[in-house]
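Below is one structure; the comments refer to it alone.
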2 protein chains.
Amino acid sequence: MPTVSSEELAAAAGVNSAKLRKDFSYLGSYGTRGVGYDVEYLVYQISRELGLTQDWPVVIVGIGNLGAALANYGGFASRGFRVAALIDADPAMAGKPVAGIPVQHTDELEKIIDDNGVSIGVIATPAGAAQQVCERLVAAGVTSILNFAPTVLSVPDGVDVRKVDLSIELQILAFHEQRKAGEEAEAQADAALEAEAGAAAAAAGKSGKGPDGDVPAVMPA
Amino acid sequence: MPTVSSEELAAAAGVNSAKLRKDFSYLGSYGTRGVGYDVEYLVYQISRELGLTQDWPVVIVGIGNLGAALANYGGFASRGFRVAALIDADPAMAGKPVAGIPVQHTDELEKIIDDNGVSIGVIATPAGAAQQVCERLVAAGVTSILNFAPTVLSVPDGVDVRKVDLSIELQILAFHEQRKAGEEAEAQADAALEAEAGAAAAAAGKSGKGPDGDVPAVMPA
DNA sequence: CCATCTTTGTGCACGCGTTCACAAAGGCAT
DNA sequence: ATGCCTTTGTGAACGCGTGCACAAAGATGG
């Protein structure tokens with residue numbers, strides 16, 4: 001029986017072995033003292049805990065470059081995700097296969113969600129359409145949304161939204177790059193400042209009192 | 001002079017006002033007591049600190065769906081990023097314009113990096129090509145890499161790599177979704193487990209001792 | 001010029017997550 | 001069966017980041 005010790009795993013993952021053991025302990029006691037963890041059993045338990053053993057049908061709305069890239073992305077299937085449908089507002093796209101799946105028109109959205117029991121939606125539309133799409137998804141029963149559009153979505157309680165900003169990662173790289181290139185080492189406020197900067201820009205557009213600003217574009221030129 | 005108080009900004013950004021003030025204090029004292037922060041000046045200072053006032057030429061390597069999506073992504077320009085070149089290994093792509101920029105062949109990679117003074121590279125190639133592209137970028141002088149390919153890149157010291165895994169976000173959503181759907185509330189180990197799971201899978205492939213495993217595919221079916 | 005009011009900047013305390021360290025548990029050899 | 005060795009599981013301590021609370025600073029009005 002192939003096994004791994006917490007020490008080996010910790011070294012491989014670059015974390016502390018005690019933390020790793022404590023994390024595992026929350027899932028129950030799967031290890032054997034003096035031996036380690038049964039690799040196969042451990043992998044299964046973690047997979048189950050993370051929901052990888054379930055089948056998660058997802059819909060992708062907005063089949064532009066990004067939507068197509070997501071549809072073709074190989075990483076989804078192995079993680080338990082199944083692209084149940086591709087949806088686009090452009091009638092010219094309807095029926096056209098992307099990644100082997102025919103694109104369907106937005107009109108079908110509610111039916112698709114319902115028929116497939118979809119609870120996770122991916123929004124890859126332009127910013128302008130995102131909120132509206134979001135609302136239709138939620139109304140149709142979707143409770144988790146992955147948002148690639150550069151907008152902050154507002155959703156009712158009980159719905160999870162995760163926003164992926166493709167430029168934020170570049171921003172972080174540029175920040176470190178700037179540090180390498182000299183400069184006096186000053187701040188460490190990092191991702192935090194980002195959100196705050198956005199709020200500041202939003203507030204700037206208002207008369208002076210601006211809670212709940214929702215302007216997504218952060219910096220003026 | 002339009003100003004904002006830390007209280008207003010904190011409300012807008014959804015954070016604590018004291019934390020916000022403390023963060024700002026690391027950049028220096030730009031506020032005026034009894035008044036607040038001069039919006040324009042604050043925005044400028046934060047922009048400067050984050051490197052938004054600089055011009056960052058970037059190259060995108062691998063012009064598939066994802067590369068094209070990135071090239072078309074509007075968010076870059078406003079954050080100080082300029083797509084200096086698009087590079088692809090397919091000779092058929094050469095010269096073809098994407099997002100108004102002609103694609104160039106991989107052969108030109110070193111020259112492009114050098115001519116444009118590029119220090120940030122984006123890898124959107126298939127997994128198999130990523131490491132090789134990475135090495136060429138580094139050799140040509142790139143010191144920051146944004147990796148969309150599902151591989152762990154190994155780079156020399158001094159080079160920053162950020163990996164964007166498009167499925168990890170879905171995974172997190174699925175995890176919460178699973179929680180909503182009942183289950184006994186157990187673990188809270190989350191992103192941590194992800195890395196550890198990867199390490200476990202890597203170790204499974206080895207005889208038993210497996211530090212520094214680099215197998216990227218996480219879970220077996 | 002002084003009093004008052006607002007808001008910043010920051011010392012201090014609390015709480016949480018990480019790490020240390022060790023007792024308990026199980027395997028294995030004798 | 002017994003003792004030793006390895007590795008887990010976890011109580012306790014440490015450290016760091018967040019939030020509280022207040023003194024200092026500056027504006028504003030009388």
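Residue numbers start from 1 in every chain, and the chains themselves are labelled A, B, ... in the order their sequence lines are given, proteins ahead of strands.
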Task: Test salt bridge (Lys or Arg N to Asp or Glu O under 4.0 Å) applied to Arg162(A) - qualifying residues, sequence neighbours left out - done: Glu169(B)
TODO: Not counting sequence neighbours, which residues clear salt bridge (Lys or Arg N to Asp or Glu O under 4.0 Å) with Arg33(B)? List them please.
DONE: none
Task: Nucleotide interval of DNA chain D bounded by contacts with chain B (heavy-atom cut-off, under 4.0 Å) - done: dT18(D) to dA27(D)
Open item on the list: Nearest heavy atom decides the nucleotide; on that basis, is Thr32(A) or Glu7(B) closer to the 5' end of DNA chain C?
Closed with: Glu7(B)
Task: Non-neighbouring partners of Tyr37(A) that pass ring-ring contact (aromatic ring centres under 6.0 Å, His included), sequence neighbours left out - done: Phe24(A)
- [ ] May I have all residue pairs that pass salt bridge (Lys or Arg N to Asp or Glu O under 4.0 Å) and include part of residues 122-132 of chain A, sequence neighbours excluded?
- [x] none
Open item on the list: Let's go through Leu137(B) and Val59(B) carefully: what are the C-alpha distance in whole Å and the side-chain angles of both, what is the deciding distance for side chain to side chain contact (heavy atoms under 4.5 Å, CB included) to 0.1 Å, and is it a yes or a no?
Closed with: CA-CA 10 Å; Leu137(B) 286 173; Val59(B) 294; 4.2 Å; yes
Task: With Ser119(A) via side-chain hydrogen bond (donor to acceptor under 3.5 Å, both in side chains) - residues at least two apart - done: none
Task: Which residues share a ring-ring contact (aromatic ring centres under 6.0 Å, His included) with Tyr44(A), sequence neighbours left out - done: none
TODO: Taking side-chain hydrogen bond (donor to acceptor under 3.5 Å, both in side chains) as the test, write out the residues that go with Ser6(A), two or more places apart.
DONE: Arg21(A)
- [ ] Using a 4.0 Å heavy-atom cut-off across all strands, classify Ser6(B) as base, sugar-phosphate, or nothing.
- [x] sugar-phosphate
Open item on the list: Determine whether Asp38(B) and Tyr30(B) satisfy the following criterion, side chain to side chain contact (heavy atoms under 4.5 Å, CB included), listing intermediate values before the conclusion.
Closed with: CA-CA 8 Å; Asp38(B) 173 21; Tyr30(B) 299 138; over 6 Å; no
Write down the protein N/O and nucleotide N/O pairs, taken from nucleotides 1-5 of chain C, whose separation is under 3.5 Å; answer none if there are no such pairs.
none

Task: For atom CG of Asp38(A) and atom C1' of dG26(C), their distance in whole Å - done: 15 Å
TODO: Please name the residue in the list Ile60(A), Val83(A), Asn72(A) that meets the side chain to side chain contact (heavy atoms under 4.5 Å, CB included) test with Ile101(A).
DONE: Val83(A)
TODO: Any salt bridge (Lys or Arg N to Asp or Glu O under 4.0 Å) involving residues 128-146 of chain A? Give me the pairs, sequence neighbours left out, ordered by first then second residue.
DONE: Glu110(A)-Arg136(A)
TODO: Figure out the CE/P separation between Met1(B) and dT7(C), and round it to whole Å.
DONE: 13 Å
Task: Consecutive-pair stems (at least three Watson-Crick or G-U pairs, under 3.5 Å) that include DNA chain C - done: C:1-30 with D:1-30
N/O to N/O distances under 3.5 Å, protein versus nucleotides 18-20 of chain C:
from, atom 1, to, atom 2, distance (Å)
dT19(C), O4, Lys22(A), NZ, 3.0
dC20(C), OP2, Asn16(A), ND2, 3.1

TODO: Provide, to the nearest angstrom, the distance between the CZ atom belonging to Arg33(A) and the C1' atom belonging to dA25(C).
DONE: 5 Å
TODO: Would you kindly compare Val35(A) and Val35(B) by the position of their nearest DNA chain D nucleotide and give the one closer to the 5′ end?
DONE: Val35(A)
Open item on the list: Looking at Asp165(A) and Arg79(B), is there a salt bridge between them, counting it only when a charged N and a carboxylate O are closer than 4.0 Å?
Closed with: yes
TODO: Locate the shortest heavy-atom distance separating Ala130(B) from Ile123(B); write the atom from each residue and the value.
DONE: O-CD1, 3.9 Å
